[in-house]
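To start, the structure itself, in structure tokens.
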Amino acid sequence: MKNILSIDGGGMKGIVSAVVLRELEKKLREYSQEKDARIGDYFDLIAGTSTGSILTGLYLYANEQGGSKYSAEDVLQLYIDQGEYIFKRRFGYPFFGAKYTNKRLRQKLYEYFDDACLADLRRPCLMVAYDMTKKQAVFFNTVSSRNDPKRNYPLVDAIMASTGAPTYFPPQALQVGKKRINCLVDGGVVANNPAMCALIESLKLPGNVCLSDTLLLSIGNLTNKKSYQYDEVKRWGLVNWAVPMLDVFMNGSEQTVDYELRKIYQAIDRPHNYYRMIWVTEEEIPGMDDTSKEAVKKLVEYGEKLAYREKYRIDEIAKKIVRAKNIL
């Protein structure tokens, strides 16, 4: 059995995902009877887009002994403690440039990852970005990095590319020698829910020749049920469409991937090997860049509600993947 974890994008809403994965890690420790068990111990591949790529790096970053350096609680605390520092508004926005500088994000990433490269991660990863220059999706992954030194990019650079949300952060340029190439932006523009990408990437794993032996856990975060009525939308112009457009594109993409994966797992007669967890609410939800104490508290609460609603499935997943590891 190959165990795959996929984590959606969403900025500070990654707190919701981090809370759910903290609860999963608690269950992994309970069933494995290993008090220091980590998320990275039990997944053969972790994929992430945008904030999900940060979570991916943290869960897979190795300590000196070869285990995961950061626990799920450590990861959650990073979001709670560092969000306000990272989202520092730039002077001049919205007249020119992105809303936030990415210098603070880069600084914090270096504090956590130092000069590690993709190949240094303890398990295979997948981080999604989009190349504005070539107009194609870019998949930073550990398998290719280990096979080709030219693709073994610094971990911080890969995460910066995957998190460069248009209007929020500047794009990332990969550097070869003194020359900067490509213009990479947030992978959320093509795969905010990277679960399908993760499933395809898992086919590269040694011994994984059959999807029926693949367990896929897709962790979303938070969305609301806000709807738009015909009489309102028919009068919209360019300005009116600007804000809802991104929401519609991302929600539509996430739901399409979920639908496709459900159908795939039903077709191979393994519907219980695919899990999707996301919290949907009718309330106004914090923005992806809202770092206020009130917003952080609310996001933690949403994460706890989602973890509680999914507690039986979290328990089931933990049992399955601990059992699979013990069999191997």
Side-chain angles (χ1 to χ4, degrees), residues 1-11 13-21 23-24 39 43-53 55-56 125-130 137 139 162 165 186-203 211-228 244-282 285 288 299 302-303 305-314 316-317 320-321:
M1 174 77 75
K2 297 294 183 182
N3 303 313
I4 313 302
L5 171 61
S6 170
I7 311 171
D8 284 17
K13 293 189 292 184
I15 287 175
V16 176
S17 309
V19 171
V20 174
L21 290 168
E23 297 309 304
L24 175 59
I39 290 291
F43 287 95
D44 301 287
L45 169 73
I46 302 182
T49 294
S50 194
T51 198
S53 69
L55 292 166
T56 295
C125 79
L126 179 72
M127 299 177 184
V128 186
Y130 183 76
F139 302 103
S162 185
D186 195 307
V189 302
V190 289
N192 203 54
N193 172 0
M196 182 66 78
C197 301
L199 185 64
I200 300 304
E201 184 69 17
S202 73
L203 296 176
L211 290 182
S212 62
D213 292 328
T214 301
L215 181 147
L216 175 56
L217 169 58
S218 175
I219 300 291
N221 41 68
L222 183 63
T223 188
N224 65 24
K225 292 182 178 179
K226 184 177 181 180
S227 60
Y228 305 97
M245 183 69 78
L246 186 60
D247 180 51
V248 170
F249 279 166
M250 286 193 172
N251 282 342
S253 172
E254 291 170 15
Q255 293 166 14
T256 299
V257 169
D258 179 41
Y259 172 80
E260 291 169 342
L261 286 168
R262 288 182 189 279
K263 291 300 181 181
I264 287 172
Y265 274 88
Q266 288 172 6
I268 61 175
D269 197 28
R270 293 292 189 277
H272 299 300
N273 277 4
Y274 171 65
Y275 300 83
R276 171 71 173 165
M277 299 181 185
I278 188 169
W279 186 260
V280 181
T281 179
E282 295 181 354
I285 62 177
M288 62 178 284
L299 289 169
Y302 280 129
K305 288 179 180 179
L306 177 57
Y308 181 78
R309 189 194 74 194
E310 300 286 358
K311 63 181 181 180
Y312 296 111
R313 295 210 298 167
I314 290 173
E316 180 178 77
I317 293 166
K320 279 185 179 180
I321 60 182

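The figures here come from the full heavy-atom set of this structure, side chains too, leaving out hydrogens, waters and symmetry mates.
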Does a side-chain heavy-atom distance below 4.5 Å link [X] with [Y]?
X	Y	answer
Leu215	Met1	yes
Lys320	His272	yes
Lys2	Asp213	no

Over all atoms of both residues, closest heavy-atom pair of [X] and [Y]:
X	Y	answer
Gln266	Pro271	CG-CB, 4.4 Å
Asn193	Ser218	OD1-OG, 3.5 Å
Ile4	Ala198	CG2-CB, 3.8 Å
Ser162	Val128	OG-O, 2.6 Å
Lys225	Val280	CG-CG1, 3.4 Å
Ser50	Asp186	OG-OD2, 2.7 Å

Between Glu310 and Tyr275: side-chain donor-acceptor atoms closer than 3.5 Å
no

For residues Asn192 and Ser253, is any side-chain donor paired with an opposing acceptor at under 3.5 Å?
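Note: Asn192 and Ser253 side chains miss the donor-acceptor criterion.
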
Nearest 0.5 Å, what's the [atom1]-[atom2] distance between [X] and [Y]?
X	Y	atom1	atom2	value
Asn3	Phe43	CG	CZ	6.0 Å
Leu126	Glu201	CG	CD	5.0 Å
Ile314	Leu306	CD1	CG	7.0 Å
Ile200	Phe139	CD1	CZ	10.0 Å
Leu5	Thr56	CG	OG1	7.0 Å
Ile268	Thr214	CD1	OG1	7.5 Å

Look at atom OH of Tyr308 and say whether more than 12 heavy atoms of other residues, nucleotides or ligands are closer to it than 6.0 Å.
no

Is it the case that over 12 heavy atoms from other parts of the model lie below 6.0 angstrom from the NZ atom of Lys305?
yes

Please evaluate residues Leu217 and Met277 with respect to the criterion side-chain contact (heavy atoms from CB on, under 4.5 Å), reporting the C-alpha separation (whole Å), side-chain torsions for both, the decisive distance (0.1 Å), and the verdict.
CA-CA 8 Å; Leu217 169 58; Met277 299 181 185; 4.0 Å; yes

Please enumerate all residues that pass salt bridge (Lys or Arg N to Asp or Glu O under 4.0 Å) together with Arg309, with sequence neighbours excluded.
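Not a single residue meets the salt bridge (Lys or Arg N to Asp or Glu O under 4.0 Å) criterion with Arg309.
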
Assess whether side-chain contact (heavy atoms from CB on, under 4.5 Å) is satisfied between Ile264 and Met196, documenting all intermediate values.
CA-CA 10 Å; Ile264 287 172; Met196 182 66 78; 3.7 Å; yes

In terms of relative ring orientation, are Tyr274 and Tyr265 parallel, tilted or perpendicular, with 30° and 60° separating the classes?
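Ring orientation of Tyr274 relative to Tyr265: parallel.
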
Determine whether Leu21 and Ile7 satisfy the following criterion, side-chain contact (heavy atoms from CB on, under 4.5 Å), listing intermediate values before the conclusion.
CA-CA 10 Å; Leu21 290 168; Ile7 311 171; 4.0 Å; yes

Verdict with reasoning, Glu254 to Ile278, per side-chain contact (heavy atoms from CB on, under 4.5 Å)
CA-CA 10 Å; Glu254 291 170 15; Ile278 188 169; 4.1 Å; yes

State which residue, out of Asn273, Leu211, Leu261, fulfils the side chain to side chain contact (heavy atoms under 4.5 Å, CB included) condition with Leu216.
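One option only clears the test, and that one is Leu261.
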
Are the side chain of Asp8 and the backbone N or O of Thr49 linked by a donor-acceptor pair below 3.5 Å?
no

If we ignore hydrogens and angles and just use 3.5 Å, is the side chain of Ser17 paired with the main-chain N or O of Gly220 as donor and acceptor?
yes

